[in-house]
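Only this structure's heavy atoms are used, side chains among them; waters, hydrogens and symmetry mates stay out. Computed from a predicted model, the values in this text were never measured in an experiment.
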Amino acid sequence: MGEQPIYSTRAHVFQIDPNTKKNWVPTSKHAVTVSYFYDSTRNVYRIISLDGSKAIINSTITPNMTFTKTSQKFGQWADSRANTVYGLGFSSEHHLSKFAEKFQEFKEAARLAKEKSQEKMELTSTPSQESAGGDIQSPLTPESINGTDDERTTPEVTQNSEPRAEPTQNALPFAHSSAISKHWEAELATLKGNNAKLTAALLESTANVKQWKQQLAAYQEEAERLHKRVTELECVSSQANAVHTHKTELNQTIQELEATLKKKEEEIEKLRQEIDNARELQAQRDSLTQKLQEVEIRNKDLEGQLSDLEQRLEKSQNEQEAFRNNLKTLLEILDGKIFELTELRDNLAKLIECS
């Protein structure tokens, strides 16, 4: 069936900084899918996460791994094969707990699978050794060497009989012995290969030891040189006490001067701030003065307009008063005319009646 996903979740992926070994470096800009995979052919569990086409986590679970919760939503584990530490930031504490449970479950499954494979290898090697011992002993029995009792009592019959093939009971042990010899030859070749590897590793370790000894000798020489230098400095230190005292006094004087200079600089900074504030106030005053002048000019214009309006109003009132007077006079004249017309109408009516 190959490798299949058995559990998936989403989280932000981090890796420990390889330089500082303290800070976390995000390997994904957003939350990505993190999955547990199981390879049935190799009986292996892995944690895999992809950001696009890039694998940002590819960690094989071993029985020695431990998943640690460092906060309510963050967990981490170390992968010695990848030589790094992975960190996952989840959206909730529930997702973190579920991932940790699965990690422990698959870690236990990996441990059991490893133990079973070791037991299987032991069981496979033990019967082969037992069968090899039995096959080697079978052709060396007295019956196979000297013959059976029947063969020893009837030698004449054996001599006079026709030639025949060897018994299958003797051929079988030889076949087993050949297979066992091939097996041990393969084992011997494996051991020779391992021995060669160990020899190479031993030579490399020897070379490293020689290099370390050289470095140690160099360090010892450096230590002796520094020790001599310290001795010389201790000898010179007695002569340098006066210089040291003078230097201490000069340092104190320098510190005092630096403190005074610092105070002066602070005072200068305060004066600069006050000057800046005064300039700002002057600019504000000039702006307000200009605005006040503009307001005064506008006020004069408004006063002139108001005086003109007052004159116009007074003239209009005078004109209205004259108009009223003329209107009254006209009304009086009109009333007189109406009265005369009324009298004329009455006279005409009387004349008509008399006629």
Considering all heavy atoms of both residues, which atom of [X] and which atom of [Y] are nearest to each other, and what is their separation?
| X | Y | answer |
| --- | --- | --- |
| G87 | W24 | N-CZ3, 3.6 Å |
| V85 | A78 | CG2-CB, 4.1 Å |
| L88 | A11 | CB-CB, 4.3 Å |
| F99 | Y36 | O-OH, 3.1 Å |

Give, for atom [atom1] of [X] and atom [atom2] of [Y], the distance between the pair rounded to the nearest 0.5 Å.
| X | Y | atom1 | atom2 | answer |
| --- | --- | --- | --- | --- |
| L257 | L250 | CG | CG | 10.5 Å |
| E296 | R298 | CD | CZ | 14.0 Å |
| I57 | S35 | CD1 | OG | 10.0 Å |
| L271 | N277 | CG | CG | 11.5 Å |
| Q320 | L313 | CD | CG | 8.5 Å |
| E105 | I61 | CD | CD1 | 10.0 Å |

Item to check | Contacts of type ring-ring contact (aromatic ring centres under 6.0 Å, His included), residue F14, not counting sequence neighbours | outcome: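 F14 satisfies ring-ring contact (aromatic ring centres under 6.0 Å, His included) with F74 only.
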Of all pairs that satisfy side-chain hydrogen bond (donor to acceptor under 3.5 Å, both in side chains), the ones with a partner from [range], not counting sequence neighbours:
| range | answer |
| --- | --- |
| residues 71-81 | S59-W77, S59-D79 |
| residues 83-102 | K69-S97, S92-H95 |
| residues 321-343 | none |

Are any side-chain N or O atoms of [X] and backbone N or O atoms of [Y], one a donor and one an acceptor, separated by less than 3.5 Å?
| X | Y | value |
| --- | --- | --- |
| S355 | I352 | yes |
| Y45 | A110 | no |
| S28 | H30 | yes |
| K107 | T66 | no |
| S316 | R312 | no |

Checklist entry - Is there a path from M65 to L112 through hydrophobic residues (I, L, V, M, F, W, Y) whose side chains come within less than 4.5 Å of each other? => result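 Different hydrophobic clusters.
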Checklist entry - In terms of hydrophobic clustering (I, L, V, M, F, W, Y; side-chain heavy atoms under 4.5 Å; direct or indirect links), are Y7 and I48 co-clustered? => result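 Hydrophobic grouping puts Y7 apart from I48.
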Next on the checklist: For D51, give me all partners under side chain to side chain donor-acceptor pair (under 3.5 Å), at least two apart in sequence or on another chain.
Outcome noted: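 Result, side chain to side chain donor-acceptor pair (under 3.5 Å) vs D51: none returned.
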[X] vs [Y] side-chain heavy atoms within contact, under 4.5 Å:
| X | Y | value |
| --- | --- | --- |
| S307 | E303 | no |
| D17 | K21 | no |
| F90 | T9 | yes |
| I16 | V25 | no |

Checklist entry - Do you see a donor-acceptor pair shorter than 3.5 Å between the side chains of T33 and R10? => result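 Short answer, yes.
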Next on the checklist: Please tell me whether N64 and T62 have a donor and an acceptor in their side chains that are separated by less than 3.5 angstrom.
Outcome noted: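 Per modelled atom types, N64 and T62 side chains form no pair under 3.5 Å.
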Next on the checklist: Run the side chain to side chain contact (heavy atoms under 4.5 Å, CB included) test on V32 and I56 for me, step by step, so that the C-alpha distance in whole Å, both residues' side-chain angles and the decisive distance to 0.1 Å come before the verdict.
Outcome noted: CA-CA 10 Å; V32 295; I56 55 179; 4.0 Å; yes
Checklist entry - What do you reckon, is CZ of R42 surrounded by more than 12 foreign heavy atoms closer than 6.0 Å? => result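 No, CZ of R42 has 12 or fewer neighbouring heavy atoms, counting only those of other groups under 6.0 Å.
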Checklist entry - After noting the C-alpha distance and the side-chain angles of E266 and K270, does the key distance pass the salt bridge (charged side-chain N to carboxylate O under 4.0 Å, His left out) rule? => result CA-CA 6 Å; E266 291 177 354; K270 290 181 180 178; 5.7 Å; no
Item to check | Check against side chain to side chain contact (heavy atoms under 4.5 Å, CB included), E269 and E265 | outcome: CA-CA 6 Å; E269 186 66 25; E265 288 178 352; over 6 Å; no
Next on the checklist: I want to know whether Y38 and F106 have ring centres closer than 6.0 Å.
Outcome noted: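 Distance test on ring centres: not under 6.0 Å, no.
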Checklist entry - Passes side chain to side chain contact (heavy atoms under 4.5 Å, CB included), R285 versus Q282? Steps please. => result CA-CA 5 Å; R285 189 180 68 82; Q282 181 67 26; 2.6 Å; yes
Item to check | D301: partners by salt bridge (Lys or Arg N to Asp or Glu O under 4.0 Å), with sequence neighbours left out | outcome: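 Salt bridge (Lys or Arg N to Asp or Glu O under 4.0 Å) list for D301, sorted by chain: empty.
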Item to check | From CA spacing to verdict: side chain to side chain contact (heavy atoms under 4.5 Å, CB included), L348, R345 | outcome: CA-CA 5 Å; L348 290 173; R345 184 179 64 82; 5.7 Å; no
